[in-house]
Amino acid sequence: MDGKVLDELLLKERLIYVKLSEFEDLTRQLGEALDRRDEVSVQMLLNMRGEPANRMQEVDQQVRHRILELPEDDAIRAREILEGGEQQGPEESALCGQVLQNRRLLERCRTLDKQLSMRMGGPRSFYTKFR
């Protein structure tokens, strides 16, 4: 795969990491607001979490569109890497590392979000309804 394409995908994955970090931070703040029973802050933080989530979705769509523009072999390899595939050469190292870092952060976000959702919604929680 072309080094330029790898660099493009790396930049997109880094942007996703930044937005995931924002989401995680806002989620932690949400937990603190819940602990304080600060309903105004809870509502504000719930609304604020939408921006990084929406931006991540936009970037993901851009990546998907870019992959569709690639030659078939490159598109297949790009998809493998973005799904956590093993690095096949030194040129893929940075992208594979970023994808792995994003996956770990996403898992932390999911865990934290699930805990807060269960605290807030109990049996009405998203995680209870859609197991």
Exercise for the section: For the pair Arg66 and Val5, evaluate side-chain contact (heavy atoms from CB on, under 4.5 Å) and give the outcome as yes or no after the intermediate values. Expected result: CA-CA 9 Å; Arg66 180 64 177 115; Val5 172; 3.6 Å; yes
Identify the heavy atoms of [X] and [Y] that sit nearest to each other, and give their distance.
| X | Y | value |
| --- | --- | --- |
| Gly31 | Leu116 | CA-CD2, 3.5 Å |
| Lys19 | Pro52 | O-CB, 3.5 Å |
| Ile81 | Cys96 | CG2-SG, 3.9 Å |
| Glu91 | Leu6 | O-CD1, 3.5 Å |
| Ser21 | Leu105 | OG-CD2, 3.5 Å |

Practice task
Verify the cluster assignment for Leu34 and Met118: are they in a single hydrophobic cluster under the rule of side-chain heavy atoms below 4.5 Å apart?
Solution key: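 In one cluster with Leu34: Met118, no.
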Could you check whether any side-chain heavy atom of [X] comes within less than 4.5 Å of a side-chain heavy atom of [Y], counting everything from C-beta outward?
| X | Y | answer |
| --- | --- | --- |
| Arg119 | Leu30 | no |
| Leu15 | Arg55 | yes |
| Met44 | Asn47 | no |

Which value, rounded to the nearest 0.5 Å, describes the distance between [X] atom [atom1] and [Y] atom [atom2]?
| X | Y | atom1 | atom2 | value |
| --- | --- | --- | --- | --- |
| Met120 | Asp113 | CE | CG | 9.5 Å |
| Leu45 | Gln43 | CG | CD | 9.5 Å |
| Ile67 | Asp74 | CD1 | CG | 10.5 Å |
| Leu100 | Glu13 | CG | CD | 11.5 Å |
| Thr27 | Glu22 | OG1 | CD | 11.0 Å |
| Arg110 | Leu112 | CZ | CG | 13.5 Å |

Exercise for the section: Ignoring hydrogens and angles, tell me if any N or O in the side chain of Asn102 forms a donor-acceptor pair with the backbone of Ile16 under 3.5 Å. Expected result: no
Handout entry: CA sep, side-chain torsions, deciding dist, call: Arg103, Leu106, side-chain contact (heavy atoms from CB on, under 4.5 Å)
Key = CA-CA 5 Å; Arg103 286 174 163 257; Leu106 179 60; 5.6 Å; no
Exercise for the section: Please check if atom CZ in Arg36 has more than 12 non-hydrogen atoms from other residues, nucleotides or ligands closer than 6.0 Å. Expected result: yes
Practice task
Take atom CD of Glu72 as the centre, draw a 6.0 Å sphere, and report whether it contains more than 12 heavy atoms from other residues, nucleotides or ligands.
Solution key: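 It does not: Glu72 CD has 12 such atoms or fewer within range.
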Practice task
Kindly write out the residues that satisfy side-chain contact (heavy atoms from CB on, under 4.5 Å) with Gln57, not counting sequence neighbours, or none if the list is empty.
Solution key: Asn54
Do NZ/NE/NH1/NH2 and the carboxylate oxygens of [X] and [Y] come within less than 4.0 Å?
| X | Y | answer |
| --- | --- | --- |
| Arg77 | Glu92 | yes |
| Lys12 | Asp7 | no |
| Asp60 | Arg64 | yes |

Completion exercise
The salt bridge (Lys or Arg N to Asp or Glu O under 4.0 Å) partners of Glu24 (sequence neighbours excluded) come to Arg28, Arg108
Handout entry: Donor on one side chain, acceptor on other, His65 and Gln61, under 3.5 Å
Key =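 No pair is found: no donor N or O on one side chain lies under 3.5 Å from an acceptor on the other.
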